Amino acid sequence: MPELPEVETIVRGLRRPLRGRRVRAIEVLRPDLLDTTATRFSSAIVGASFSRVARRGKNLLLHLEAGPNGGRPTRRRPDGAAEPGTLVVNLGMSGRLLVRAPADSAPEPTHPGVRFRLDDGSVLVYHDVRRFGRLRVMDPGALAAWSDCLGPEPLARGFTARALEEALRRSAAPIRSWLLDQRRIAGVGNIYANEALFRARVHPGAPARGIVGGATKRLHRALRAVLREAIDSNGTTLRDYRTARGGEGSYGARLRVYGREGRPCPSCRRPIARVTFGGRSAYFCRSCQPRRIVR
DNA sequence: CGTGCCCCCTGTCAGC
DNA sequence: TGCTGACAGGGGGCAC
């Protein structure tokens with residue numbers, strides 16, 4: 001569910017309330033959300049405090065600093081100093097990360113998976129109905145190796161139209177599938193892939209390597225514009241996604257094709273089509289996004 | 001290696 | 001009203 005704009009919104013909402021907060025206790029209600037035992041997970045975090053909060057693709061990175069007498073570090077350097085770990089959270093389809101202030105009047109989350117009790121009395125709750133999400137603690141080496149497996153950040157300076165064209169050339173996969181592959185670009189999911197392809201007037205089934213010249217430039221611009229605008233709207237809440245404070249994103253009202261099968265194309269008024277491939281729906285306008293690439 | 005398909009899980013909604 | 005099947009923002013594993 002949550003794609004780059006949704007995760008970015010959550011990251012921004014977590015920075016202030018988490019900064020410097022020490023974890024006093026952890027309750028693991030759903031151990032299947034972890035890649036290790038609840039005991040190991042807890043001992044790596046309890047006693048440590050949150051430092052930097054960041055994002056990589058659709059993942060949240062909650063960097064930890066080992067405490068003076070707690071928060072067993074994930075590893076020790078040869079000189080014995082504690083290496084800080086990073087809590088990496090992937091929200092899957094329905095995950096939420098919610099901060100609850102000490103006397104929060106908001107209703108208790110219905111599907112809590114992990115609760116982090118913090119030193120100021122607030123609670124960070126990982127909530128996930130479908131439990132496709134994962135919480136992992138990585139040491140710096142593992143974090144770097146993991147990050148290297150992901151593609152570039154589409155909003156980073158280095159992500160140019162030229163770089164995109166170069167990458168597209170190496171694949172015959174349908175462009176919509178290509179955009180969803182996190183090893184090629186990090187952070188794009190089904191909503192924003194469809195929206196970007198509509199804006200770029202590229203058919204979702206077009207082979208990646210067939211997108212060249214002007215079409216590449218349009219796709220590059222469209223991707224970045226859609227992601228930035230969605231961040232400005234705090235993301236898209238269709239059902240499960242919530243900000244760190246439980247709010248909804250408002251970009252849903254601005255979607256042009258995603259979820260709009262049969263409704264008029266905003267450009268030509270012909271009905272939006274939906275076809276399924278790669279196990280997911282692609283929404284597009286047959287007239288504005290012809291199968292033959294318009295360069 | 002690249003690509004496509006199935007599955008993980010729960011909830012919701014359309015159709016009968 | 002109740003049952004059944006399709007579908008949902010993601011991603012890992014496996015077969016080809």
Side-chain angles (χ1 to χ4, degrees), chain A residues 1-11 29-36 55-60 88-97 109-114 126-136 145-147 149-151 154 167-198 204-210 223 226-227 230-231 233-243 247-262 274-283:
Chain A
M1 137 212 186
E3 307 182 29
L4 187 155
E6 289 74 34
V7 176
E8 180 63 28
T9 301
I10 295 170
V11 161
L29 297 93
R30 290 291 191 170
D32 55 347
L33 294 168
L34 311 178
D35 68 338
T36 181
R55 177 187 61 73
R56 179 75 174 98
K58 303 175 192 174
N59 303 273
L60 291 105
V88 179
V89 181
N90 184 289
L91 301 166
M93 291 281 256
S94 55
R96 300 177 185 177
L97 262 180
T110 52
H111 295 69
V114 180
Y126 180 73
H127 169 284
D128 195 345
V129 173
R130 296 174 72 181
R131 303 202 304 284
F132 287 169
R134 285 296 173 273
L135 290 80
R136 287 168 288 191
W146 165 81
S147 180
C149 293
L150 297 176
L168 287 170
R169 226 171 48 190
R170 294 198 294 266
S171 172
I175 185 61
R176 203 282 312 261
S177 304
W178 192 94
L179 289 168
L180 296 187
D181 187 339
Q182 300 301 293
R183 295 167 304 180
R184 308 196 196 270
I185 297 196
V188 180
N190 205 27
I191 294 181
Y192 302 110
N194 280 282
E195 292 295 306
L197 289 168
F198 172 73
R209 66 164 62 120
L223 259 179
V226 163
L227 296 173
I231 291 171
S233 299
N234 294 325
T236 301
T237 295
L238 296 178
R239 171 165 293 158
D240 299 302
Y241 160 68
R242 291 288 125 75
T243 69
E248 301 191 350
S250 61
Y251 196 73
R254 302 179 57 188
L255 294 174
R256 300 184 190 179
V257 290
Y258 184 84
R260 301 179 62 81
E261 181 184 14
R274 179 174 77 95
V275 300
T276 305
F277 63 90
R280 353 179 72 100
S281 293
Y283 298 89

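Numbered from 1 within each chain, the chains take letters A, B, ... in sequence-line order. Please read these numbers as outputs of a predicted model, since none were measured by experiment.
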Query raised in the report: Between A/E6 and A/Y251, is any side-chain donor less than 3.5 angstrom from a side-chain acceptor?
Result: no

Query raised in the report: Rounded to whole angstrom units, what separation is found between the CD1 atom of A/I10 and the P atom of C/dG9?
Result: 17 Å

Query raised in the report: With sugar-phosphate meaning primed atoms plus P, OP1 and OP2, does A/R30 contact a base, only sugar-phosphate, or nothing at under 4.0 Å between heavy atoms?
Result: nothing

Query raised in the report: A/Y192 side chain N/O closer than 4.0 Å to the phosphate oxygens (OP1, OP2) of C/dG9?
Result: no

**Report entry** Nearest listed nucleotide, side chain of A/V129, among B/dT3, B/dT10, C/dA8
**Finding:** B/dT10

Requested in this report: Report the nucleotide, chosen from C/dG11, B/dT3, C/dA8, that has the shortest atom-to-atom distance to any side-chain atom of A/K58.
Outcome: C/dG11

Query - Atom pair distance, as rounded to whole Å: CD in A/Q182 and C1' in C/dG12 - result: 13 Å

Report task. Please state whether the phosphate of B/dC9, meaning OP1 or OP2, lies under 4.0 angstrom from any side-chain nitrogen or oxygen of A/H111. Result -> no

Query raised in the report: Are A/R274 and C/dC7 close enough that a side-chain N or O sits under 4.0 Å from OP1 or OP2?
Result: yes

Query raised in the report: Do any N or O atoms from the side chain of A/S250 and from the backbone of A/S233 form a donor-acceptor pair under 3.5 angstrom?
Result: yes

Query raised in the report: Whole Å only: how far is the CE atom of A/M93 from the C1' atom of C/dA6?
Result: 13 Å

Report summary line: To the nearest 0.5 Å, atom OG1 of A/T236 lies from atom CD of A/E3 at 7.5 Å

Query raised in the report: What interatomic distance, in whole Å, is found between P of C/dC3 and the corresponding atom of B/dC9?
Result: 23 Å

Query raised in the report: Which listed nucleotide (C/dG10, B/dG4, B/dT10) is nearest to the side chain of A/P174?
Result: B/dG4

Report task. May I have the distance from A/D240 (atom CG) to B/dT10 (atom C1'), rounded to whole angstrom? Result -> 9 Å

Query raised in the report: Of the nucleotides B/dG2, C/dG11, B/dT10, which has the atom closest to the A/R184 side chain?
Result: B/dG2

Query raised in the report: How would you label the contact of A/R134 with the nucleic acid (heavy atoms, under 4.0 Å): base, sugar-phosphate, or nothing?
Result: nothing

Requested in this report: Ignoring backbone atoms, test whether A/N90 places a side-chain nitrogen or oxygen under 4.0 Å from the OP1 or OP2 oxygen of C/dG10.
Outcome: no

**Report entry** Distance below 4.0 Å between A/S171 side-chain N/O and B/dT3 OP1 or OP2
**Finding:** yes

**Report entry** Length of the CZ-P vector between A/R170 and B/dT3, whole Å
**Finding:** 11 Å

Query raised in the report: Over how many whole Å does the gap from A/L135 atom CG to C/dG10 atom P extend?
Result: 18 Å

Query raised in the report: Could you give the distance from CD (A/E248) to CZ (A/R242), rounded to the nearest 0.5 Å?
Result: 4.0 Å

**Report entry** Flag, side chain of A/R254 to backbone of A/A230, donor-acceptor distance under 3.5 Å
**Finding:** no

Requested in this report: Mind checking A/G189 for me? I need base, sugar-phosphate or nothing, with any heavy atom below 4.0 Å counting as a touch.
Outcome: sugar-phosphate

Query raised in the report: Which nucleotide in the set C/dG11, B/dT3, C/dG9 lies at the smallest distance from any side-chain heavy atom of A/Y241?
Result: C/dG9

Report summary line: Among the nucleotides C/dC7, B/dT3, C/dG10, whichever has the atom closest to the side chain of A/S281 is C/dC7

Report task. Find the distance A/L33:CG to C/dG12:C1' and express it as a whole number of Å. Result -> 16 Å

Query raised in the report: Does B/dT10 have OP1 or OP2 sitting under 4.0 Å from an N or O in the side chain of A/R131?
Result: yes

Query raised in the report: Which nucleotide, in any strand shown, forms a Watson-Crick or G-U wobble pair with C/dC14, with both distances under 3.5 Å?
Result: B/dG4

Requested in this report: For A/F132 and B/dC8, say yes or no: do the ring centres fall under 5.5 Å of each other while the ring planes differ by less than 30°?
Outcome: yes

Query raised in the report: What is the distance, rounded to the nearest whole Å, between atom CH2 of A/W178 and atom C1' of B/dC1?
Result: 17 Å

Query - A/R239 side-chain N/O to B/dT12 phosphate OP1/OP2 under 4.0 Å - result: no

Query raised in the report: Can you find a donor-acceptor N/O pair under 3.5 angstrom joining the side chain of A/R130 to the base of C/dA8?
Result: yes

Query raised in the report: Going by the angle between their ring planes, with limits at 30° and 60°, are A/H111 and A/H127 parallel, tilted or perpendicular?
Result: perpendicular

Query - Distance below 4.0 Å between A/R96 side-chain N/O and C/dG9 OP1 or OP2 - result: no

Report task. Working to the nearest 0.5 Å, report the span between CG of A/L135 and CG of A/N90. Result -> 9.0 Å

